[in-house]
Each structure stands twice: as C-alpha cells, then as structure tokens.
K.L.:
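A single structure is presented below for examination.
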Amino acid sequence: GGKSSSSDTILSPDSFKDQMCNILGQLEGIFSRAIQSAYPEATSPVVQIQLSKHADYQCNAAMALAKSLKKNPREVGEKILNNVATNPLIAKMDLSGPGFVNVFLNQDFIRQQVTNLVMKGVTPPPTTPMRVVIDFSSPNIAKEMHVGHLRSTVIGESIARLMEFLGHNVLRLNHLGDWGTQFGMLIAHLQDKFPNFATSPPPISDLQTFYKESKARFDEDEPFKKRAYEAVVKLQAHDPKHIKGWEEICEISKKEFKKVYKRLGVVLVDRGESFYQSRMEDIVKSLGAAGMLEEDEGRKVMFAEGADIPLTIVKSDGGFTYDTSDMACMKQRIEEELGQWLIYVTDAGQSQHFKTLFACAKKVGFYAPDRIRVSHVPFGVVLGEDKKRFKTRSGETVRLVDLLDEGLQRSEEKLREKERDKALTQEEFTRARDAVAYGCVKYADLSHDRARDYVFSFDRMLDFRGNTAAYLLYALTRIRSIARTAGVSSEEVVSMAQKGTVELDHEKEWKLARTLLKLPDVLIRITDDLYLHPLCEYLYEVSSVFTEFYDNCYCVEKDSSGKIVKINNNRLVLCEATAAVMEKCFFLLGINTVSKM
Ligand code: ARG
C-alpha cells in the first residue's frame, strides 16, 4: 500500500529534456498500453521487458499471453508490435523466435540523454515526494556499538541518501536504547563510585567496563540488586537526581557513538526510547480501555491477527518494554511526524517483532496499510573468516572503533605497498587512505544481499581487483585522469557536450551509453525493495563496460614519443558521463571519492 512506482507514469517526450529517462520503466509502460489496446480482454498480462542480446531490449509478453488466450504466439507478438504507439524512445522493432518483440532504441534520444547527463548531472527518476521516517543505527546506551549496529548504520545511511536524492522529505532517527532496566544498576553503581556526579561529571573513560562492573555487582550482591530496582522506579518517576545520573551516562555513550558517525559520514537525529515515556503511558491506557490487552501470568499482552506471539505491553512488575516503546513510537511517527513511509533497519532476528508490531498497530487503527507504507529492512549476521559470529580472538564483541582503526591501518599498508605514498602528497595520501578504509567497509556490507549473513574480511575488501571499493575508487580516479592528462578541464568537456558532439557509432560507445542510462531503472528497483546490492553490481558493471570501451576506443591518441596527437572530444564526453554516474553511485552508497589515489 501507499507505494509509488515510477514506472506507472509514462511521461511525454518533452519531459526527458531535463531529466534522465527510466528507459526500462517507460518501455514497460509503452508495451503495457500496446497489450491493452491489442487484447483488451487479457486480464493483468505480464509485460516482461528485458535487456536483449540481439537488440537493445525485448518484450517477451507474447508467449504467456498466447497461452492464456489460446492463440498463436507469433501472431500475438506481431499484434503487440503493431499496437505500440509512436514514442521518442524506440527507433525500430522486429519480431523473432516464437514471438519476441525486439526493441532498438532511438540513437538521437540516447545521444540527447548522454548530453543531458553531462550538462545537468544525474537527475532522480520521477517520484511523488513523501514524508519518510527512517530508523537506523539505534545502538544501546552504555553498551558497545557492535558490528550489527555497523550494518544498520551503513545500510540505513545509504537508504536515507537514496530517499533524499529522490526528493522525499526524510527524517533520520537514531532510536537509542536509553530507557531499559539496565539504568537501575548503572545509576546505583554511579552513586557508589562517583558520589559527586551531580556537580562534577564522572570521569568514565570506558563505559563498557563500567557496565560490566555494575552487572557483576547486580548478579552477586543482593542489596545492590535491590537498590538497582529502586533506582529504575525513581528514574521512571523522573526523580531529578536519578535523571541527572541517567543523563551523564547517556552523554558519555552518545559522545562515543558520535565519533563513529563522524568517521563514517553518517547523520542522525538522536531520539531514544525515553522520548516516548509519556506516550507509552497514554497508549497503555487507551489499549486497556479499548479492551485490547489480555492478562498473561501477570503481564499485559496484545495479540493481533497474523502474528503468533503477542507484544508484551506491560511487564508483571508494571514496567514497559521494547514492544511498548515501539507501539508508542510508531504512533508518534504517523500522527506527529506525519510519516507516510516508516523504515526500520535492524538485524533479521527482529523480523517477528516488527511483524507483530505492524499487525498490532493496524488492529489499533493508527496504521492504515492503504495510506502508509511500512518496511522492516532486516539484515543477516556478520561472520568472521571462520564462518562463526564475528568476535575478537578472546571471544569478545569487536568494538567498532577498533575495527575502523584496523581498517585505516590496513588501508595505509596497502597503499604503501603500491607506493602511493611516493606519488601523492601527505594530504592526498591521508584522504585516499580514509576513503579506501571506510569505503571498503561500507561497500563490503552493501554489495552483499543484506538478508544473508556475510563474512567480514579485510583482506578481501581491500583487494584492488574485483568488485571492491578499493578497485572501484581507483577506477574512478583513472577515468577522471583521462581528460586531465589531455589538459582538458571538466568545464570544457561540458561545453563539448553542449555542442552536441556525442557520437555513439562504435559498438562499445553505444554499449557504454546504454549502460550509463540504466541508472534510473536501477534506482527505481532498489527503492522498491530496499535491497542495495544491485546498485553495487551496477557500479561494477559500469566500470567493466567502461574498461571495454577504453580498451577499444582511443580517447587520447599519442605518438611513440608520448606526445598527444589527437584528442577525441566525443569520447571525453563519455568519460565524463561515466564519472558522473559512478560518483552518484558512490554518493548513494555513502562512500567518499577522491580525485587521486
Ligand atoms: N536498539 C535496538 C538494537 O540494538 C534497535 C532499535 C531499532 N528500532 C526500533 N524502533 N525498534 O537492536
């Protein structure tokens, strides 16, 4: 529900003057209409447009349609072909095999699109703007941010960038775990260790150790445990001293998280579970009044259709839970933030939780599936090279800061091995090191099907061959350097494009242009299901197709002494278009590019 598919709208030829065309989506629209006018009696026929070896695209609808209508497939193909309305995209069509309709794209249209791309940059596919609320990263206060949160952070940032690029109004929320029962023991421990915490901020440098100490006391020391429970009650009753202790602890944690976000270039608005306290009280009351809560061994639970396990709304000690806060939070995002698309990026272990949450929200009525879209974006576990859960040698969870530090160090070694330190200034070298390190960590995550577990390996992600950020970032600098070594500036390339010099006569030029113009369709696809790996596959494809082009088509011709004898303007325009597309992909993946490395 509430889904906006850009391929639903067929635009007039004029609307692509300033905008990149979603060619596949447009062809789907064109053929869908053709089928409708040829066979009005057909009920929801599948349009089936694909890339083709013999042509640019092909429509395979005739076969299935012929079967359901009990007709000859070749005749059906022919009739579809004859019903295709005149349009700016298609130059010609023919029929092959049992009824495939081959589509050859209009060269002038493609040339115009490449020119636009260079002059105006990558433009988003047509989209109806929505209010999108995306919940990602969301680590828990006083606990270490771990690789699971890294996945949420990287995937969430990329989805947020995608949504913003499409023109949506995006709210990026960090749903911090800042309101659990763990605060009882933390505050009690704080009172003992730093009795002056209210007046002078406690010098806790390692919150994780502090957490472990308080947990050990909680488990062994009965009177301490009792005090911890009392502290939770006082905290939830907003006792100023307890609130102060809680604030201090949150502050220390948030500072640590911020360091990670800064390094990764991630932007988030902090809004933890505590924000919803009064809203939780309200929703518990109204759920009770509406008769939606059931007693279960002292707990109050809520069942909904299609979910086997209920939500726990009130615990037997009267406290609220993760479920309670998510109910209040979802309502707040719909009714106060006016969210039209709610996205939650968490590990796949929480799929059941979100399924139940959505079902309960629907039952209460604040979530209407036909008006609001909700997506849980689950991801798999990060594994070590031994294929077991990613841990340090001593079996501890890996701290994110340590992981990123190791990435930097490894990236630096790699670049030194390639003697980049000799070719670059100190500043350029540092920039390249950072881009490669963080880029590789992000790309390794995003290029895998997120729903699956993935193996974290610095060796693999820093390899300069294959589908890695190290390789792709390097490929981009090479493309950028082609015009630079020919002494042509970016502005000059743009004005070459303006003069309309793009020619696509060589087979590899044509292939490159067609590949570049696939970007809008890729973006529409990844927006639909929020799987980002097709964007990485596409980026890698662009770089491969570029290599094919570059190996076959001279851009800058030199004589045997290395002197430039001819600059092929037309092809510099294609280089520029390739760089623009690759830049945009990197940007959407949250990866910084460099001009030299
Ligand atoms: N704090 C949770 C965790 O560490 C993630 C929260 C996700 N967001 C939400 N609204 N439940 O797993």
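Just so you know, these numbers use all the heavy atoms, side chains as well, and skip hydrogens, waters and symmetry mates. We count ligands from 1, going down the list as the structure has it; atoms in each ligand are counted the same way.
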K.L.:
Are R299 and D296 close enough for a salt bridge, meaning some N to O gap below 4.0 Å?
P.N.:
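Yes, charged N to carboxylate O under 4.0 Å.
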K.L.:
Which protein residues have a heavy atom closer than 4.0 Å to any atom of ligand 1, listed by chain and number?
P.N.:
D135, S138, N140, H149, H175, Y322, D326, Y344, T346, Q350, F354
K.L.:
Applying side-chain contact (heavy atoms from CB on, under 4.5 Å) between Y438 and each of V436, V441, D434, report the one that passes.
P.N.:
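Of V436, V441, D434, side-chain contact (heavy atoms from CB on, under 4.5 Å) with Y438 is met by D434 alone.
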K.L.:
State whether the side chain of N169 and the backbone N or O of M130 hold a donor-acceptor pair below 3.5 Å, judged by distance alone.
P.N.:
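No; judged by distance alone, with no hydrogens or angles, the pair does not exist.
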K.L.:
Any ion pair linking D405 and R263 (charged N to carboxylate O, less than 4.0 Å)?
P.N.:
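Result for this pair is yes, salt bridge flagged.
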K.L.:
Quick one: does NZ or CZ of K225 land under 6.0 Å from the six-membered ring centre of F218, within 45 degrees of the ring axis?
P.N.:
yes
K.L.:
Quick check with a 6.0 Å cut-off and a 45 degree axis cone: is K584 positioned over the face of F587's six-membered ring?
P.N.:
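The answer is yes, since K584 meets both limits relative to F587.
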